[in-house]
Amino acid sequence: MAETTDLSKGLPSHPERATLEGKNKFLGFWVFLAGETTMFATFFGTYLGLRNGTGSGPEAADIFSLPLVFIMTMILLTSSLTSVFAMFAMKKNQFKKMKAWMWVTVALGAAFLGFEIYEFVEYVHYGLGFTTSAFASSFYALVGLHGAHVLFGLLWISLLLIRYRNSGITLTNAPKFYVSSLYWHFIDVVWIFIFTVVYLMGIGG
Amino acid sequence: MGENLSQPFEKSAMTQEEMVKINREQRIQTIAFAFMIAITLLAFIAVGADVVPGAFATPFILGLAGVQLFLQLFYFMHLKDKDHGWPNTFIVSGIVLVIPTIVALMLLIGVTKY
């Protein structure tokens with residue numbers, strides 16, 4: 001490592017992959033994301049198989065509200081962009097800027113989660129409990145799993161930001177921030193398919 | 001090397017050339033974001049305002065989701081950059097597995113049995 005990376009000139013242009021540990025984190029995280037992709041596929045497949053099994057409960061088109069889903073989508077998409085900006089700041093060794101963009105990402109993620117909780121509470125008021133129908137169970141399992149991922153991402157990124165609040169960008173924390181931003185993009189990727197397959201197809205498809 | 005791992009740096013080692021490149025990259029990412037917003041709007045309008053006929057709506061919005069998946073993975077997650085051969089291999093393997101998984105589950109549980 002010391003042979004390949006010259007540290008005397010300052011922070012390397014790819015600090016997240018300047019050490020062997022960073023490279024391993026980066027590779028290992030992509031393996032994890034491939035596994036997550038497959039796991040979400042099973043939840044999507046189950047939902048698609050069961051989505052017409054509404055029994056006597058409410059149907060998708062009765063309860064879904066497009067404006068709310070649209071706002072949630074915009075919030076999550078924007079948070080994806082802010083974490084991109086944070087990573088650019090990290091590569092340029094702009095620690096304050098990176099922290100600021102990361103906190104914006106966390107704030108947007110929290111707003112998203114708030115809307116999702118509000119949404120689920122509304123649905124329960126409409127009579128859609130977890131065990132109401134096959135549609136209800138598979139819907140809550142899929143969207144709830146995504147929500148759990150958002151919550152985990154929020155806690156993860158906040159913890160990193162708090163722990164490294166004064167440390168500057170180092171070769172130890174750069175891979176951690178980078179990997180957490182990859183995770184955040186992945187959450188957004190899953191949401192693209194949730195809003196398309198669950199909400200838009202539920203209403204119009 | 002060990003003691004350098006938790007030390008912050010005074011400056012970035014990037015050359016002027018690399019700086020120009022990364023700033024251009026950042027502009028490209030912002031444009032990719034604008035595209036994503038436009039695609040999302042298109043999908044919501046197609047369904048919300050019923051502008052696309054019923055049978056065509058589903059493939060249309062799925063296609064838009066595919067475009068957005070591409071933009072996220074290759075631009076925001078940097079899969080298009082060099083040194084991303086293995087990440088590409090992993091994620092493409094994952095996506096290849098997704099299709100038979102979803103089709104199999106739909107056919108197994110979705111046709112008659114609920």
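Proteins come first, then strands; the chains are lettered A, B, ... in the order of their sequence lines, and each starts at number 1.
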Proximal component of [X], with respect to chain B [non-hydrogen, under 4.5 Å]:
X: A/Y178; value: side chain
X: A/V84; value: side chain
X: A/S181; value: neither
X: A/V197; value: side chain
X: A/S13; value: both

Distance check, rounded to the nearest 0.5 Å: [X] atom [atom1] versus [Y] atom [atom2]?
X: A/K9; Y: B/K11; atom1: NZ; atom2: NZ; result: 9.0 Å
X: B/I91; Y: A/T37; atom1: CD1; atom2: OG1; result: 4.0 Å
X: A/I169; Y: B/F9; atom1: CD1; atom2: CZ; result: 10.0 Å
X: B/I109; Y: A/L48; atom1: CD1; atom2: CG; result: 9.0 Å

Heavy-atom proximity to chain A below 4.5 Å, by part of B/D83:
both
Is it the backbone or the side chain of B/E18 that comes under 4.5 Å from a heavy atom of chain A, or both, or neither?
side chain
More than 12 non-hydrogen atoms from neighbouring residues, nucleotides or ligands closer than 6.0 Å to [atom1] on [X], yes or no?
X: A/F130; atom1: CZ; answer: yes
X: A/F115; atom1: CZ; answer: no
X: B/Y75; atom1: OH; answer: no

Quick check: closest heavy atoms across [X] and [Y], and the distance to 0.1 Å?
X: B/S6; Y: A/T172; answer: N-OG1, 3.8 Å
X: A/M74; Y: B/I37; answer: SD-CD1, 3.4 Å
X: B/Q72; Y: A/L77; answer: NE2-CD2, 4.0 Å
X: B/Q29; Y: A/L81; answer: O-CD1, 4.3 Å
X: B/I102; Y: A/A41; answer: CG1-O, 3.5 Å

Once you measure the plane-to-plane angle for B/H84 and A/W30, does it fall in the parallel (<30°), tilted (30-60°) or perpendicular (>60°) bin?
perpendicular
